[in-house]
Novice: 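This structure is in structure tokens; I'll ask about it shortly.
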Protein chains: 2
Amino acid sequence: MTGNEPAPVRVLLADDEHLIRGALAALLALEDDLAVVAQAASGPEALAMAEAHRPDVAVLDLQMPGADGVAVATSLRSRLPGCRTMIVTSHGRAGHLKRALEADVRGFVPKTVSAQRLAEIIRAVHAGNRYIDPELAADAISAGDSPLTAREAEVLEYAENGAPIAEIAVRASLSPGTVRNYLSSATAKLSAENRHTAARIARARGWL
Amino acid sequence: MTGNEPAPVRVLLADDEHLIRGALAALLALEDDLAVVAQAASGPEALAMAEAHRPDVAVLDLQMPGADGVAVATSLRSRLPGCRTMIVTSHGRAGHLKRALEADVRGFVPKTVSAQRLAEIIRAVHAGNRYIDPELAADAISAGDSPLTAREAEVLEYAENGAPIAEIAVRASLSPGTVRNYLSSATAKLSAENRHTAARIARARGWL
DNA sequence: TTTCCGTAATGACATTTGTCATCTGCGGTG
DNA sequence: CACCGCAGATGACAAATGTCATTACGGAAA
């Protein structure tokens, strides 16, 4: 200790997979300019821990029980404005990236990166820069903007789990005929064979 | 080194997520009776590494590119009979567990366990014991056996992605009418509203 | 041997879904 | 203001799907 090192970056780790979270914490602890000050296994817990420990950077898993990473990032933006957020994910979907950017997430990386690389990215995010995985970014760009209207997307979302039109109509408070119209136009826009494949396509491109 | 420790357990780690694999290797290295002798990022690579390094225990991620963990375990059983296999997974589906047991997998754990616990389980598996996550086991038991016949399951699998009946008929080399019959009976057995929800139910219970 | 079950198919029928034209009303925009 | 796009709805029609009865064959079990 020479007394003139800068204060370490305070990091919050949120991941429901204990194995990964613990391992990650151990690896990040090796970097002497990073300090894992809090850990969480769920969305709500991450929020609570963030308020209690006020980290500089929150590293959030995308899929967590309670609230997913993007939802946590959104809450964090208003509740802890000084805290930068980043998302780490196994399954890189273009749609999630889009949502994440809207939540002012500064880093978006797949879990295929090395710990070294992750540490660098945490530093970059802390410094105010952004880092988006190039492959995911390319996917998001190639997917483009959604051609679906708000209602079309909503109805398609209800259709996703295979519900019959009557049920969708009730849930969306629409006439069954109207539901069929929206579904039909959405299916045509996505050039799918039926609403089920249309829903899959829209989901894959992040349009849902 | 006193010279009388038993030889460490030789472990192969296979996970496509570099972050997790690296972190895991670091944590397991802390246990002095475990030695990570090989790592792999895909199914085929895992197989190759196993043949090259002949580990005592292969810790396989369920979802990997090329070949999934269960597929690797199956190959390993014939090619390296002395090597015990275990599966680590994020998404614990009852169906995967069933497949895994058929492949003579000795350990099946979710990634929510701690590294300590994983190390213990590796030791148990190496000693010839089994360890199945209690919650996953309960799911598998409560799901019970599939009420579907072979053809019903096959047809339902083709139907899963939303393909129209004509296409399913071609793929299964069946008459469209026959396809509809199987789909109808399968839907009735699962008490679903249509083939799409039926497919989802069957998939969730591991009957596909 | 008779019976049962799974596989495979066909025909008939009802229901659901997909497609289209058409109508109304609302809120922007040139 | 006229025009356009979106929301919302209706009716009609075609196509896809779900349901059921029935037939036939082969293997396995009683």
Side-chain angles (χ1 to χ4, degrees), chain A residues 95 98-99 102 143-208, chain B residues 95 98-99 102 143-208:
Chain A
K98 207 167 290 188
R99 280 203 309 140
E102 283 163 15
D145 270 350
S146 173
L148 304 175
T149 69
R151 293 294 155 181
E152 284 166 357
E154 185 192 345
V155 169
L156 206 51
E157 197 160 7
Y158 288 129
E160 208 181 4
N161 58 353
I165 287 197
E167 194 183 316
I168 300 173
V170 174
R171 290 221 231 181
S173 301
L174 286 175
S175 133
T178 306
V179 170
R180 285 197 290 165
N181 287 341
Y182 286 148
L183 247 24
S184 181
S185 66
T187 304
K189 281 177 181 173
L190 303 179
S191 57
E193 290 174 328
N194 54 48
R195 61 208 170 98
H196 303 287
T197 54
R200 292 171 60 87
I201 292 172
R203 170 67 65 189
R205 303 216 183 139
W207 295 340
L208 271 190
Chain B
K98 209 166 289 190
R99 279 203 311 138
E102 284 162 15
D145 271 348
S146 173
L148 304 175
T149 69
R151 294 290 159 196
E152 283 165 356
E154 185 191 346
V155 168
L156 205 51
E157 196 159 9
Y158 288 131
E160 209 181 4
N161 58 354
I165 288 196
E167 194 182 315
I168 300 173
V170 174
R171 290 221 232 183
S173 302
L174 286 175
S175 133
T178 306
V179 170
R180 283 197 288 165
N181 287 341
Y182 286 148
L183 248 23
S184 182
S185 67
T187 305
K189 281 176 180 174
L190 304 179
S191 57
E193 290 174 329
N194 54 48
R195 61 209 171 96
H196 303 288
T197 53
R200 292 171 58 87
I201 293 172
R203 171 66 67 187
R205 303 212 185 144
W207 294 341
L208 271 191

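The analysis underlying the following values was restricted to heavy atoms, covering all of them including side chains, and did not include hydrogens, waters or symmetry mates. Numbers restart at 1 for each chain; the letters A, B, ... are given by sequence-line order, proteins then strands.
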Novice: Check whether any side-chain N or O of B:Asn181 sits under 3.5 Å from a backbone N or O of B:Ser184 as a donor-acceptor pair, and report yes or no.
Specialist: no

Novice: Rounded to whole Å, please give me the gap between CG in B:Leu148 and P in C:dT7.
Specialist: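 So the CG-P distance, B:Leu148 to C:dT7, works out to 11 Å.
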
Novice: Using atom CD1 of B:Ile165 as one end and atom C1' of C:dT15 as the other, report the distance to the nearest whole Å.
Specialist: 13 Å

Novice: Decide, yes or no, whether a salt bridge links B:Arg99 with B:Glu102 under the criterion of side-chain N to carboxylate O below 4.0 Å.
Specialist: no

Novice: Below 4.0 angstrom from OP1 or OP2 of D:dT19, is there any side-chain N or O of B:Ser184?
Specialist: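 For D:dT19, OP1/OP2 do have a side-chain N/O of B:Ser184 under 4.0 Å.
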
Novice: Can you tell me if A:Ser185 uses its side chain to pair, donor with acceptor, with the backbone of A:Tyr182 under 3.5 Å?
Specialist: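 Confirmed, A:Ser185 side chain pairs with A:Tyr182 backbone.
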
Novice: Compare the minimum distances between each of D:dT19, C:dT7, D:dG8 and the side chain of A:Tyr182, then state the nucleotide with the smallest one.
Specialist: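 Nucleotide nearest to A:Tyr182's side chain: D:dG8.
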
Novice: Which residues, if any, of residues 188-201 of chain A bring a heavy atom under 4.0 Å of DNA chain C?
Specialist: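 A:Asn194, A:Arg195 - these, ordered by number, are the residues of the stretch whose heavy atoms sit under 4.0 Å from the strand.
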
Novice: How close or far is atom P of C:dA8 from atom CD of B:Glu152, stated in whole angstroms?
Specialist: 11 Å

Novice: Quick one: label A:Arg151 by what it contacts on the DNA or RNA (base, sugar-phosphate, nothing), any heavy atom closer than 4.0 Å.
Specialist: sugar-phosphate

Novice: To the nearest 0.5 Å, what is the distance between CG on A:Leu208 and CG on A:Leu148?
Specialist: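 The distance works out to 7.5 Å.
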
Novice: How long is the line joining CG of B:Leu183 and P of C:dT16, in whole Å?
Specialist: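 So the CG-P distance, B:Leu183 to C:dT16, works out to 17 Å.
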
Novice: Here's a test of your reading of the structure: between A:Gly177 and A:Ala166, which maps to the more 5' nucleotide of DNA chain C?
Specialist: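 Whichever sits nearer the 5' end wins; that is A:Ala166.
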
Novice: Measure the spacing between CD of B:Glu154 and OG1 of B:Thr149 and express it to the nearest 0.5 Å.
Specialist: 9.5 Å

Novice: Is there a side-chain contact between B:Val179 and B:Tyr158 in this structure, where contact means two heavy atoms from C-beta onward sitting under 4.5 Å apart?
Specialist: no

Novice: Can you measure A:Glu154 atom CD to D:dC6 atom P for me and round it to whole angstrom units?
Specialist: 16 Å

Novice: What is the distance from atom CD of A:Glu193 to atom CD of B:Glu167, rounded to the nearest 0.5 Å?
Specialist: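 One finds 5.5 Å between CD of A:Glu193 and CD of B:Glu167.
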
Novice: Less than 4.0 angstrom between a side-chain N/O of B:Thr178 and OP1 or OP2 of C:dA8, yes or no?
Specialist: no

Novice: Can you tell me if B:Ser175 touches the phosphate of C:dT10, counting only side-chain N or O atoms and a distance under 4.0 Å to OP1 or OP2?
Specialist: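 Indeed, a polar side-chain atom of B:Ser175 lies that close.
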
Novice: Could you tell me whether the phosphate oxygens of D:dA7, OP1 or OP2, come under 4.0 Å of any side-chain nitrogen or oxygen in A:Thr149?
Specialist: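 Result: yes.
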
Novice: Nearest-Å distance, CD1 (B:Ile168) to P (C:dA8)?
Specialist: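 Those two atoms, CD1 and P, are 15 Å apart.
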
Novice: Without decimals, in angstroms, what is the distance between B:Arg180 CZ and D:dT17 P?
Specialist: 9 Å

Novice: Measure distances between side-chain N and O atoms of B:Asn181 and base N and O atoms of C:dT10, and say whether any donor-acceptor pair falls under 3.5 Å.
Specialist: yes

Novice: Within the 4.0 Å heavy-atom criterion, would you say A:Leu174 contacts the bases, only the backbone, or no part of the nucleic acid?
Specialist: sugar-phosphate

